[in-house]
Amino acid sequence: TEFEAKPATKSDVESSEISRLRQDLEEMRREAMTDPLTGIANRKMFDLQLRNRAMEAMETGTPLCLLMIDVDHFKQFNDTYGHQTGDQVIRLLAQTLRNNIKGRDTAARYGGEEFSIILPESNTIAGEVVGNALRKAVENKEVINRSTGETLGRITMSVGVAQYKGDETVEELIERADKALYQAKDTGRNKVVIAK
């Protein structure tokens, strides 16, 4: 007996089209939540994730930790070597963050050369450990100009760490982590400071 291919029915075509549209929509949603330069979460995704994790922490009573991270002397580096090399530094930092977090942790580009990491089910002790591990990983990488092969030196970063208090807004959490970050910058850079 011979098998004949049945022509696709209108229902099959519609189902296939719906499936393709769903995939396109999912891809667009993912792109809208991803920083185009670094490939990690963007500010929009960060805001969404932080709100979700804060709600989860309030409901379950588990800790939540936020790290705010800034590249030390980035403007000087950018002015000296140019914006393309500055972008390379931003990508290097993002890749280091992505490679050094796990599970439900979220690394995001907060803006410019500032990044953040959301650590669900983590307290400030864990946040400090993660912050120092990331700081050391970044400090140990040499920045090399891809077009010339020239070594441009090393970059460092400062980190502010804050643990979520159930009675505060996420904006207050961000503000406390940011204050700790600027304290790290004001007291010598390339360090981790825990918020009060």
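Below, each value reflects all heavy atoms present in this structure, side chains not excepted, and no hydrogens, waters or symmetry copies.
With no hydrogens or angles considered, a side-chain donor-acceptor pair links Asp35 and Thr38 at under 3.5 Å. Donor-acceptor pairing under 3.5 Å is recorded for the side chains of Asp72 and Thr156. Side chains of Arg135 and Asn190: a donor-acceptor N/O pair is present below 3.5 angstrom, by distance only. There is no side-chain donor-acceptor pair under 3.5 Å between Ser158 and Asp70.
For Thr85 (side chain) and His83 (main-chain N/O), no donor-acceptor pair under 3.5 Å exists by modelled atom type. The backbone N or O of Gln95 lies less than 3.5 Å from a partner atom in the side chain of Asn99, making a donor-acceptor pair. Under a 3.5 Å cut-off, the side chain of Arg154 and the backbone N or O of Asn140 do form a donor-acceptor pair. Side-chain atoms of Glu168 come within 3.5 Å of backbone atoms of Lys165 as a donor-acceptor pair (strictly under, hydrogens ignored). Side chain of Lys191 to backbone of Thr187: a donor-acceptor contact under 3.5 angstrom is found.
Between Glu114 and Leu181 there is a side-chain heavy-atom pair separated by less than 4.5 Å. Taking the side chain as every heavy atom from C-beta outward, Lys196 and Arg176 never approach each other to under 4.5 Å. Between Val71 and Phe77 there is no side-chain heavy-atom pair separated by less than 4.5 Å. Here the side chains of Tyr110 and Asn42 are not in contact, with every heavy-atom distance at 4.5 Å or above. Looking at heavy atoms from C-beta onward, Asn78 lies out of side-chain contact with Val89 at the 4.5 angstrom threshold. In this structure the side chain of Gln88 never reaches within 4.5 angstrom of the side chain of Gln84, judged on heavy atoms. In this structure, the side chains of Leu173 and Thr169 stay at 4.5 Å or more apart for every pair of heavy atoms. With contacts defined as side-chain heavy-atom distances shorter than 4.5 Å, the pair Ile144/Leu152 does not qualify.
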- [ ] Please report the C-alpha distance between Leu92 and Val143 in whole Å, then the side-chain angles of each, then the deciding distance to 0.1 Å, and finally whether the side chain to side chain contact (heavy atoms under 4.5 Å, CB included) criterion is met.
- [x] CA-CA 8 Å; Leu92 174 73; Val143 179; 4.1 Å; yes
- [ ] Take Val161 and Val130 through the test side chain to side chain contact (heavy atoms under 4.5 Å, CB included) and record every step on the way to the result.
- [x] CA-CA 10 Å; Val161 178; Val130 169; over 6 Å; no
Open item on the list: Set out, in order, the CA-CA distance, both residues' side-chain angles and the distance that settles side chain to side chain contact (heavy atoms under 4.5 Å, CB included) for Ile174 and Leu50, then state yes or no.
Closed with: CA-CA 10 Å; Ile174 293 168; Leu50 187 59; 3.7 Å; yes
- [ ] Would you please test Glu139 and Lys136 for salt bridge (charged side-chain N to carboxylate O under 4.0 Å, His left out) and show each step?
- [x] CA-CA 5 Å; Glu139 183 182 47; Lys136 288 173 185 163; over 6 Å; no
Task: Step-by-step side chain to side chain contact (heavy atoms under 4.5 Å, CB included) determination, Thr96 to Asn100 - done: CA-CA 6 Å; Thr96 304; Asn100 286 281; 3.6 Å; yes
Open item on the list: With salt bridge (charged side-chain N to carboxylate O under 4.0 Å, His left out) as the criterion, how do Lys179 and Glu175 come out once you've worked through the C-alpha distance, each side chain's angles and the decisive distance to 0.1 Å?
Closed with: CA-CA 6 Å; Lys179 278 184 183 171; Glu175 189 177 315; 3.8 Å; yes
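Between Arg104 and Glu121, at least one side-chain nitrogen of the basic residue sits less than 4.0 Å from a carboxylate oxygen of the acidic one, meeting the salt-bridge criterion. A salt bridge links Arg51 with Glu171: the closest approach of a Lys/Arg side-chain nitrogen to an acidic carboxylate oxygen falls below 4.0 angstrom.
Put simply, CE on Met33 and CG on Asp47 are 9.5 Å apart, with the number rounded to the nearest 0.5 Å. To the nearest 0.5 Å, atoms CG (Leu97) and CD1 (Ile40) are separated by 6.0 Å.
Results of the side chain to side chain contact (heavy atoms under 4.5 Å, CB included) test with Ile118 over Leu67, Asp105, Thr106 single out Thr106 as the only residue that passes. When Thr124, Ile125, Ile194, Leu64 are each tested for a side chain to side chain contact (heavy atoms under 4.5 Å, CB included) with Gln163, only one passes: Thr124.
Qualifying side chain to side chain donor-acceptor pair (under 3.5 Å) partners for Glu150, counting only residues two or more places apart in sequence or in other chains: none. The side chain to side chain donor-acceptor pair (under 3.5 Å) test applied to Thr60 returns Thr62, not counting sequence neighbours. Looking at residues two or more places apart in sequence or on another chain, you find no ring pair (Phe, Tyr, Trp, His ring centres under 6.0 Å) involving Tyr164.
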